[in-house]
Number of protein chains: 2
Amino acid sequence: MAAPEGMFVLEGRPTAQLIADQLRELIVQGAFSPGQQVNESALASQLSTSRGPLREALQRLCQEGILVSKRNRGVFVLELSADDVKEIYAVREAVELAAATTLLDSDAEEVADTCRELKGIIRSMAKQVAASDWQAIARLDMQFHTSFVSGTGNTRLIRIYETLAAESRMCILSLEVAYPRIDALVQEHQMILDLLETRDRMGLQGAIKRHMQKAVEDLTSKPEVTGISV
Amino acid sequence: MAAPEGMFVLEGRPTAQLIADQLRELIVQGAFSPGQQVNESALASQLSTSRGPLREALQRLCQEGILVSKRNRGVFVLELSADDVKEIYAVREAVELAAATTLLDSDAEEVADTCRELKGIIRSMAKQVAASDWQAIARLDMQFHTSFVSGTGNTRLIRIYETLAAESRMCILSLEVAYPRIDALVQEHQMILDLLETRDRMGLQGAIKRHMQKAVEDLTSKPEVTGISV
DNA sequence: GAACTGTAGATTGTCAACAATACGCGATCA
DNA sequence: TGATCGCGTATTGTTGACAATCTACAGTTC
């Protein structure tokens with residue numbers, strides 16, 4: 001029997017992963033300060049679960065890198081240094097360049113699907129820029145790039161990028177309202193989209209490299225990269 | 001007080017990670033068949049630990065991708081398809097290309113350190129080829145590439161690559177004694193080393209791409225990619 | 001004989017109590 | 001006055017037991 005429309009297995013994924021997703025969203029939104037300790041018992045109560053599942057979720061986020069664990073001490077929210085920012089964006093560049101290559105080697109219609117998605121995200125982004133909703137802008141920024149990588153269909157590449165996206169949002173969080181050159185942001189993404197549509201391989205690669213390089217400059221120019229300043 | 005030489009914090013890393021490392025080594029060595037279910041209680045007893053830490057270790061390996069978890073069913077050893085092989089090597093290519101770029105942009109002495117390390121690995125590899133120890137060859141093969149990426153010093157890139165290395169060893173495992181063109185293997189690694197030493201950027205990139213492409217061909221040419229045939 | 005239903009077994013998911021460890025504060029001693 | 005030692009507290013690490021869920025097999029009905 002085929003699964004009826006609108007009906008799907010309830011919570012097919014492991015519980016720990018659900019908790020982890022929830023926590024990740026909280027962290028990248030800045031609900032915890034960098035370096036802050038995450039108390040197991042307290043969080044378990046708040047999320048109305050037990051320490052077991054929560055521990056597994058925390059450990060998951062440790063592996064992703066947005067939490068760090070110290071034995072017999074507990075887990076702490078990652079503090080980002082300038083070196084971390086450079087690392088993250090270096091890996092992002094590698095992944096996106098690979099994604100670009102894969103995309104341009106694939107069928108035109110698949111690329112078209114991705115472009116359609118990206119176009120919608122840019123539209124939303126422009127809207128949020130007008131509203132100056134920085135939290136939303138950061139989310140859409142990463143959503144753009146995640147969709148770009150998702151276009152490859154390479155599940156491993158996508159999974160890697162999701163982690164990078166979370167870390168990037170933590171980076172951007174430290175910039176806060178000081179998202180520099182806000183109009184350039186939409187413009188740069190639009191350019192990447194255009195180059196993808198016109199299948200300009202060299203141009204696309206160059207645009208991605210520049211996009212990453214500028215991001216690192218913006219993020220590391222600030223004296224304190226790691227503080228939250230809500 | 002500075003830590004005395006030769007003395008370091010005992011088991012500074014979380015227990016689950018130690019168990020995970022142990023299990024990963026067992027899996028990539030083929031101690032479990034692909035698709036086989038991993039029983040929590042049984043394994044916990046064997047490793048003389050409790051189910052709690054073991055669960056965390058299993059979950060860790062799930063996140064890495066060499067185990068897959070089905071809710072209320074348990075965890076199973078990953079079964080590799082031809083598509084998986086393509087994915088893995090596509091990501092490896094992306095990571096190694098990025099590593100090559102970073103390495104060639106860095107100081108000459110750092111590159112020299114890496115080259116020294118790689119040279120030693122190739123020497124060991126040649127020795128094991130003579131002895132036809134396939135398990136050791138596979139380990140050295142991945143050790144070579146892992147060292148290559150480690151040369152960049154990018155901890156995130158390194159962590160990503162360690163996962164890929166584990167998956168690659170699982171791929172190679174299915175090839176078993178049929179490591180094709182065994183002399184070419186040493187030769188190809190030697191060439192990568194030479195191109196790194198002479199800082200031939202284009203040549204190195206090309207060599208890496210060819211190396212990966214050939215590996216995929218070797219691995220997918222076999223009718224059954226997923227079976228173990230000890 | 002085929003399909004469905006109910007039960008049995010096994011395995012995972014969750015929980016709460018216990019043990020071990022590290023940090024912070026106060027007392028002690030040089 | 002300064003450093004060191006010891007204790008108390010808080011937090012994590014671990015364990016075993018209990019509950020929930022799924023698969024497989026047997027029994028029943030059409």
Side-chain angles (χ1 to χ4, degrees), chain A residues 1-4 7-23 27 32-79, chain B residues 1-4 7-23 27 32-79:
Chain A
M1 195 209 304
M7 194 172 183
F8 44 89
V9 182
L10 199 60
E11 312 291 10
R13 303 174 351 177
T15 308
Q17 192 169 328
L18 299 175
I19 301 176
D21 291 340
Q22 212 171 334
L23 270 178
I27 292 171
F32 301 87
S33 333
Q36 179 186 341
Q37 179 163 11
V38 178
N39 189 307
E40 288 184 2
S41 315
L43 250 183
S45 317
Q46 282 182 33
L47 300 175
S48 61
T49 181
S50 184
R51 272 184 59 210
L54 187 108
R55 266 180 72 84
E56 293 182 13
L58 289 182
Q59 205 210 25
R60 211 178 184 90
L61 297 179
C62 285
Q63 200 175 352
E64 289 184 12
I66 67 178
L67 293 179
V68 290
S69 166
K70 296 176 184 170
R71 184 174 173 103
N72 291 323
R73 293 284 311 283
V75 299
F76 302 80
V77 179
L78 176 66
E79 288 186 88
Chain B
M1 195 209 302
M7 196 174 182
F8 43 90
V9 183
L10 199 59
E11 312 290 11
R13 299 170 357 171
T15 309
Q17 191 169 329
L18 298 174
I19 302 177
D21 291 341
Q22 212 171 333
L23 270 178
I27 292 170
F32 301 87
S33 336
Q36 179 185 339
Q37 179 166 11
V38 178
N39 188 307
E40 290 184 1
S41 314
L43 250 184
S45 317
Q46 283 182 32
L47 300 176
S48 61
T49 180
S50 185
R51 270 184 60 209
L54 187 106
R55 265 180 73 83
E56 293 181 14
L58 289 181
Q59 204 210 26
R60 194 165 265 254
L61 297 178
C62 285
Q63 200 174 354
E64 287 184 14
I66 67 178
L67 293 178
V68 289
S69 166
K70 296 175 184 168
R71 185 177 171 100
N72 291 323
R73 293 284 311 283
V75 298
F76 303 81
V77 179
L78 177 67
E79 287 187 88

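Note on naming: letters A, B, ... go to the chains in the order of the sequence lines (proteins, then strands), and numbering restarts at 1 for each one.
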Integer-rounded Å distance: [N] [atom2] and [X] [atom1]:
{"X": "Gln17(A)", "N": "dT12(C)", "atom1": "CD", "atom2": "C1'", "result": "16 Å"}
{"X": "Gln59(A)", "N": "dG13(D)", "atom1": "CD", "atom2": "C1'", "result": "12 Å"}
{"X": "Asn39(A)", "N": "dT11(D)", "atom1": "CG", "atom2": "C1'", "result": "7 Å"}
{"X": "Glu56(A)", "N": "dC15(C)", "atom1": "CD", "atom2": "C1'", "result": "12 Å"}
{"X": "Glu40(B)", "N": "dT21(D)", "atom1": "CD", "atom2": "C1'", "result": "14 Å"}
{"X": "Arg55(A)", "N": "dT15(D)", "atom1": "CZ", "atom2": "P", "result": "11 Å"}
{"X": "Phe76(B)", "N": "dT12(C)", "atom1": "CZ", "atom2": "C1'", "result": "10 Å"}
{"X": "Leu54(B)", "N": "dG13(D)", "atom1": "CG", "atom2": "P", "result": "16 Å"}

Heavy atoms, side chains only, cut-off 4.5 Å: are [X] and [Y] in contact?
{"X": "Thr15(B)", "Y": "Thr49(B)", "value": "no"}
{"X": "Gln63(A)", "Y": "Gln59(B)", "value": "no"}
{"X": "Ile27(B)", "Y": "Leu67(B)", "value": "yes"}
{"X": "Phe76(B)", "Y": "Arg73(B)", "value": "yes"}
{"X": "Arg55(A)", "Y": "Leu58(A)", "value": "no"}
{"X": "Leu43(A)", "Y": "Leu23(A)", "value": "yes"}

Closest to the [X] side chain: [options]?
{"X": "Pro53(B)", "options": "dT12(D), dT14(D), dG13(C)", "value": "dT14(D)"}
{"X": "Ser50(A)", "options": "dT14(D), dA16(C), dG13(C)", "value": "dA16(C)"}
{"X": "Gln37(B)", "options": "dG13(D), dT11(C), dT11(D)", "value": "dT11(C)"}

Map Ser48(A) and Arg73(A) onto DNA chain C by nearest heavy atom, then report which one ends up closer to the 5' terminus. Ser48(A)
Presence of Thr15(A) side-chain N/O under 4.0 Å of dT14(C) phosphate oxygens OP1/OP2: yes
Check this one for me: any side-chain N or O of Thr49(A) less than 4.0 Å away from OP1 or OP2 of dC15(C)? yes
Between Arg60(A) and Ala20(A), which heavy-atom pair has the shortest distance, and what is it? CD-CB, 3.8 Å
Across the strands shown, which category fits Gly52(B) at heavy-atom distances under 4.0 angstrom: base, sugar-phosphate, nothing? base
Tabulate atom names and distances for all N/O pairs under 3.5 angstrom spanning the protein and nucleotides 18-21 of chain C.
unit_1, atom_1, unit_2, atom_2, d
dT21(C), O3', Asn72(A), ND2, 3.3

